[in-house]
Protein chains: 2
Amino acid sequence: MATARVSKSANGKAHTAPQALYQRIRADLEENILSGRWPPGYRIPFEHELVESYNCSRMTVNKVLSGLAAAGVIERKRRVGSFVAKPLVQSAVLHIPDIQAEIAKRGEAYAYELLTRKRRKATKDDLERLGIDKSCDVLVLSCRHIAKGRPFALEERLINLDVVPPASEVDFTRVPPGTWLLGHVPWNEAEHRITASLADDIALKALTLKKPAACLVVERRTWRKNKIITSVRVTYPNDLYQLTARFTPTGLRS
Amino acid sequence: MATARVSKSANGKAHTAPQALYQRIRADLEENILSGRWPPGYRIPFEHELVESYNCSRMTVNKVLSGLAAAGVIERKRRVGSFVAKPLVQSAVLHIPDIQAEIAKRGEAYAYELLTRKRRKATKDDLERLGIDKSCDVLVLSCRHIAKGRPFALEERLINLDVVPPASEVDFTRVPPGTWLLGHVPWNEAEHRITASLADDIALKALTLKKPAACLVVERRTWRKNKIITSVRVTYPNDLYQLTARFTPTGLRS
DNA sequence: CCGCTGATTATGTATAGACATACGACGTCC
DNA sequence: GGACGTCGTATGTCTATACATAATCAGCGG
């Protein structure tokens, strides 16, 4: 392994270090986590192992690991080791809602229905939604979430099979795609667009609403290393859902 | 000042340090920032000054400051010093919208109208919205934001004068309360509730809409040290606004 | 007055060593 | 076998020192 770092000798401090060493270490660790090579729960190398790999002092490694721990990327336990953090599911920040979990938390009966499932070569429209140029295969899903016997949300989803090939093997008749993705694909970044709209005929029917009905529409795109994993549009009847986001802006505790 | 720290001598490492020193330093600095004693732009003490104050080594102070910088709380400039960060306005996380700035950014004409302004003793309903028990004075504002000549948002706001006494002095006929607050009051935490609804008569009139109209309603409460500064409800016509939130969940840089 | 140069200074990064603390593992004693 | 204590180990915190780097500022020469 030994990511050789030349002599720290004499005067000429390593001129091979293009940037701060600890940033390089951090980038390496993040890469391992983000790529999935080190899945949640994985025990990352001990400090003394990294010290050897990078041929640096423990303080340097410690700074990296403390930083990752502070950012919530890893969890550290004395005498035991450092582990890739689990959740990532619902950041304290903005709730990336797992509808099933959400409803379960409220203690309500939950049901899920897959309406349609199609695999196809991406259309021009699909490509735009996924922010890519060259064509690839996509999975197009439409499904319905039901709470207490009443339709709760209509979900229309596009999955980029180039980024998540295993998704093509999954039969989404029982597991909602959002739940499956959250559990299987690490992600990096998400963007929400939230709008209100009057329900169109498709939505009216899927959600068994009567005209006129206001709906909350959440469009979310989720990234992994600059590639969009999935783009989803979820429509909620106004009286059954509210999106809440609570956050601390900069890391000021208290 | 010297937050005396007993002898680091002999064997008996300070038993007066109830917890990690650097955490205590960090808490102190955050307190100064959050309380407003050190406003945005303020130059915080140099490392060597803190070293003297706390009677510790530079590395310890450096760890605190680096951490705060990483969290975006302060900005550091070589040879110059460290400064309380300005923005805090629109965290990379969830856009706490300053409507005026928003519209300006789009390059559209902006106008603002104060509809009503009342100071009163908090009613039971007000107290609930502000999450407090004992009564206090509040400022009740209602205003309208206009872009390109068309009403863009209806804002109904409650300000806790116990937390922000200076607000009572401000005449909000020209500066929107959101803009003023963002610029004058440091905050800690915010919570959004986002819903869709059919516009009621008040909203229809204020926004010059015709029935039926779907509106996006954002209710936001903003905290400063566990006290709610302000509670606001903003109603947008569906076709003129969409809330977007883009964020990186854990601090994993791409 | 302008522009260059060098000194000064605060932060940025790194090291080696030290002690503290939590916790698991293992062995001992009852 | 179960309660208990000891030991080892990984992380947590801190120190003292060193050199690098960026930016400001003063001084100097043109």
Side-chain angles (χ1 to χ4, degrees), chain A residues 3-29 42-71 73-85, chain B residues 3-29 42-71 73-85:
Chain A
T3 322
R5 191 160 153 269
V6 283
S7 69
K8 55 189 166 182
S9 67
N11 77 74
K13 218 104 199 198
H15 51 7
T16 55
Q19 48 170 327
L21 174 56
Y22 89 83
Q23 287 182 8
R24 210 157 58 74
I25 300 179
R26 175 151 179 169
D28 287 353
L29 299 186
Y42 181 91
R43 208 214 75 229
I44 74 176
F46 294 127
E47 290 192 354
H48 69 262
E49 294 174 317
L50 293 171
V51 163
E52 242 184 80
S53 294
Y54 288 95
N55 186 28
C56 65
S57 84
R58 196 187 139 218
M59 276 303 292
T60 304
V61 166
N62 184 280
K63 187 173 176 184
V64 174
L65 296 183
S66 304
L68 288 173
V73 180
I74 65 173
E75 284 170 15
R76 315 195 70 189
K77 275 219 299 242
R78 275 179 166 154
R79 162 68 226 231
V80 183
S82 302
F83 301 83
V84 177
Chain B
T3 321
R5 191 159 152 269
V6 283
S7 70
K8 54 186 166 184
S9 67
N11 76 71
K13 218 107 200 195
H15 51 7
T16 55
Q19 47 170 328
L21 174 56
Y22 89 82
Q23 287 182 8
R24 208 155 60 73
I25 300 178
R26 175 154 179 167
D28 287 354
L29 299 186
Y42 181 90
R43 209 215 73 228
I44 73 176
F46 294 127
E47 289 191 353
H48 71 261
E49 294 174 317
L50 292 171
V51 162
E52 241 184 83
S53 292
Y54 287 95
N55 185 29
C56 65
S57 85
R58 196 187 139 218
M59 275 304 293
T60 303
V61 166
N62 184 279
K63 185 173 178 182
V64 173
L65 296 184
S66 305
L68 288 173
V73 179
I74 65 174
E75 283 170 17
R76 315 195 69 189
K77 276 220 296 242
R78 274 177 168 156
R79 163 70 224 235
V80 182
S82 302
F83 302 83
V84 177

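Just so it is clear: chains get the letters A, B, ... in the order the sequence lines come, proteins before strands, and each one is counted from 1. Note that these values count all heavy atoms, side chains included, but never hydrogens, waters or copies made by symmetry.
When all heavy atoms are compared, the tightest approach of A/Val51 to A/Cys56 is CG1-O, 2.9 Å.
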Show me the protein contacts with nucleotides 6-9 of chain D, counting only N or O atoms at under 3.5 Å.
from  : atom 1 : to      : atom 2 : distance (Å)
D/dG8 : N2     : A/Arg79 : NH1    : 2.6
D/dG8 : N3     : A/Arg79 : NH1    : 3.3

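Residues A/Leu65 and A/Leu50 are in side-chain contact: their nearest non-hydrogen atoms beyond the backbone lie under 4.5 Å apart. At a threshold of 4.5 Å between non-hydrogen side-chain atoms, the residues A/Tyr54 and A/Asp28 count as touching. Here the side chains of B/Leu68 and B/Ile44 are not in contact, with every heavy-atom distance at 4.5 Å or above.
For the salt bridge (charged side-chain N to carboxylate O under 4.0 Å, His left out) test, residues two or more places apart in sequence or in another chain that qualify with B/Arg58 are B/Glu47. Judged as a ring-ring contact (aromatic ring centres under 6.0 Å, His included), and not counting sequence neighbours, A/Tyr22 has no contacts. Taking A/Arg43 as the reference, A/Glu49 meet the salt bridge (charged side-chain N to carboxylate O under 4.0 Å, His left out) condition, with sequence neighbours excluded. With sequence neighbours left out, B/Tyr42 forms a ring-ring contact (aromatic ring centres under 6.0 Å, His included) with B/Trp38.
To the nearest angstrom, P of C/dG12 lies 12 Å from CG of B/Leu68. One atom, CZ of B/Arg26, and another, P of D/dT13, lie 12 Å apart when rounded to the nearest Å. In this structure, CD of B/Glu47 is placed 7 Å from P of C/dG12, rounded to the nearest angstrom. For the pair A/Lys77 NZ and C/dA22 C1', the computed distance is 11 Å after rounding to whole Å. Atom C1' of nucleotide C/dA14 and atom CG of A/Leu21 are separated by 8 Å, given to the nearest angstrom. Per the geometry, CG belonging to B/Leu50 stands 12 Å off P belonging to C/dA10, to the nearest Å. Protein atom CZ of A/Arg76 is 15 Å distant from nucleotide atom C1' of C/dA20, rounded to whole Å. The distance between atom CD of A/Glu75 and atom P of D/dG12, rounded to the nearest whole Å, is 12 Å.
Residues from residues 57-67 of chain A with heavy atoms under 4.0 angstrom of DNA chain D, sorted by number: A/Arg58, A/Met59, A/Asn62.
At the phosphate of C/dG12, neither OP1 nor OP2 sits under 4.0 Å from any side-chain N or O atom of A/Gln23.
Listed by first then second residue, pairs satisfying salt bridge (Lys or Arg N to Asp or Glu O under 4.0 Å) with a partner in residues 59-71 of chain B number zero, not counting sequence neighbours.
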